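Sequence lines set the chain letters: A, B, ... in the order given, protein chains first and strands last, and positions in each chain run from 1. Keep in mind that this is a model prediction, so the values were computed, not measured.
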Number of protein chains: 2
Amino acid sequence: MDQGASGRRPATATDGRLARGERRRAEIIDATLRVVERDGAAGVTHRTVAREAGVPASLTTYYFATLDDLLVAALTEVSDEYVRQLDEIVESGGDEVGGLAELIVAAAGNGRRRALAERELSTLAARRPALRPVARRWRDTVAEIARLHTSDPLAVDAMVAAADGMCAAILLAGERPDVSRVRAVLARTLGTGEADVSLPITSGSHRGSRLERGQ
Amino acid sequence: MDQGASGRRPATATDGRLARGERRRAEIIDATLRVVERDGAAGVTHRTVAREAGVPASLTTYYFATLDDLLVAALTEVSDEYVRQLDEIVESGGDEVGGLAELIVAAAGNGRRRALAERELSTLAARRPALRPVARRWRDTVAEIARLHTSDPLAVDAMVAAADGMCAAILLAGERPDVSRVRAVLARTLGTGEADVSLPITSGSHRGSRLERGQ
DNA sequence: GTGGTTATTGAACGATAGTACAAATAGAAC
DNA sequence: GTTCTATTTGTACTATCGTTCAATAACCAC
C-alpha cells in the first residue's frame, strides 16, 4: 500500500477507497456492456449486471441509482472506445478512409457484438435528449475524417450517413462484406467523381486495405 | 377430425369468428406499435399492450403466445407500411429520389415516432436471424429506387446506406433538416458526378420537393 | 487508538412480469 | 334444438424487477 508521506491531492489517487470505487464502477460498466452484447439492452437490469460482474445486486444500485444511469455509462464507454479507434486511424496518418472501412467491416466479425451494443444503446439515446451528444460522437469523428478529404459539407454528410448505414447493413446482413467495396462506397460519397479521394494510397498505414481503383 | 364436407372457402371470409379474430389481431398489433412509439420496444409486454388495446391481458397471450411473436408482428406491420409508402413513390412515377428525401425528412416531424419504432424493432432484428428479411425489406425497396437511376451496384449500395444513415442522423439530431439537402446527398451517392441523377425534375409528382440544382 | 467516510452486504418490500388454466361466451355446422 | 370450435375473460402461480434500508467491513485523518 501507500506509505502516506505528505498528502497527494487528486483524492482518487490518494484515497484507496475512492480508487477502489472507481475500479468497481469500471467493472460494473464492463459487465453491463457484456450483458448488452449478450442479451441486448433489454436484458440490462441491476440484478443481471450484478450477476455478470459477480457482485451483490445492491452494489450495482449503489453505483448506479437508476437503470438509466447504468445505460448512460455503458453508452459513454462504448462510444469512447470507438472514438479512440477512429482517432488512432487519423493519427496513424495513412489511408483514413481505408481504415474507417476496415473498422466498419469489423462489425461483421469480432467487432460484431460490440457494434451491436453500440447500435442498441444509440437507438436508446434517441428517446433521451441528454444522451444524444454521446451517441453523436461517433458521427462527429467520422465527419472529421471526411473533412480531411473534402470541404464540401454535402460530401461530409454523405460519408457520415453512408458509414452509419453500411454498419447497419452489415449487422443486418450477417455476411462478411469486402473491405475494398466498403472503401469504394465511402470514397464515392466523398469524391466529386474525380481522383480527389484516392490520394494517400502510399505506404502501408493500414495494410490489407486493398484499394479498388475502378471507381 | 374435421369434416370438410362442404365449402373450401378461405374460412376467414365465411367464418365470422375467424374474421373477428383477424380484426382483434390487427387491433393488438396496432396497440403494440403505439406502445413501441410511446415507450420503446422495452415497454412492450403482454399487459401493457393489453391495456393500450383495452382488452384483458390474457387476450394478448391468446393471440401472441410469446413476446417475440408480438414484436415480430409489429415489425412486420411497420415494415409493410414503409414499403407501401416507397412503392407509392415509385408508382407515382415522378422524382423518386426527391420523394425518398421527403420520406426521410418526415422522420423529424410527424413520422418521427413511427421511424423510431421501425429503428428500434429493426435493431431488435439484428439478434433474430428469422427477422432479418423483414428488417431488410426497406433497404431492398430503396435499392430498387436506386436501380432506376444507375446500374452501378456500388452506387446502389451507397444510396441505400446514405438513406439509412440520414434517417438515423435525423432521429439523433432532433432538428429538422432540409429536404433539398437530403435529396442532394442522395443524388451525390447515386450519380457519378454528372447530370445522371437529376433527370426527372419535370412535373410536380412530389410537389414541394424543391430541387437544388447545384449538385 | 478514536472518529468519520466510503464501500459492501443481505434482507425485505411492493409492483409487475410471463404463463397457465378453467370457465364463460359467440358463432358455425348439423 | 345439439355439438363443435374459436374467442374471451378472470384468476392464480411463480419469478424477477427496482428500490430501500440497516448493518458491517475497509479505509483515511487525526
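- Note: CZ (A:R24) to P (D:dC27) measures 12 Å, nearest angstrom.
- One interatomic measurement links the two molecules: CD of B:E22 to C1' of C:dG27, which rounds to 16 Å at whole-angstrom precision.
- One can place OH of A:Y62 at 18 Å from P of D:dA23, the figure rounded to the nearest angstrom.
- Counted within 6.0 Å of CZ on A:R113, heavy atoms from surrounding residues, nucleotides or ligands total 12 or fewer; the atom is thus considered open.
- Looking at the side chain of B:Y63, the nearest of the listed nucleotides C:dT8, D:dT8, C:dT19 is D:dT8.
- The CG atom of A:D68 sits 10 Å away from the P atom of D:dT19 (whole-angstrom rounding).
- The shortest heavy-atom contact between B:M159 and B:L100 is CE-CD2, 3.7 Å.
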Under the salt bridge (Lys or Arg N to Asp or Glu O under 4.0 Å) rule, what do B:R127 and A:D39 come out as? Steps first, then yes or no, please.
-> CA-CA 9 Å; B:R127 294 184 186 281; A:D39 305 324; over 6 Å; no
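- The stretch residues 38-60 of chain B comes close to DNA chain D through B:R47, B:P56, B:S58, B:L59, each having a heavy atom under 4.0 Å from the strand.
- Atom-to-atom, CZ of B:F64 to P of C:dG18 comes out at 14 Å; the value is rounded to the nearest Å.
- Under 4.0 Å is where a charged nitrogen must lie from a carboxylate oxygen, and between A:D157 and B:R188 no such pair does.
- Helix-axis bend for the helix from C:dG1-D:dC30 to C:dG27-D:dC4: the local axis fitted to the five terminal pairs at one end deviates from that at the other end by 10°, rounded to 10°.
- Salt bridge status for B:R24 with B:E27: present, with a side-chain N to carboxylate O gap under 4.0 Å.
- With salt bridges taken as basic N to acidic carboxylate O contacts below 4.0 Å, one links A:R114 and A:E81.
- A salt bridge is absent between B:E96 and B:R183; no separation between the charged side-chain nitrogens and carboxylate oxygens falls under 4.0 Å.
- By the salt bridge (charged side-chain N to carboxylate O under 4.0 Å, His left out) test, B:R34 pairs with B:E52, sequence neighbours left out.
- Atom-to-atom, CZ of B:R23 to P of D:dA6 comes out at 17 Å; the value is rounded to the nearest Å.
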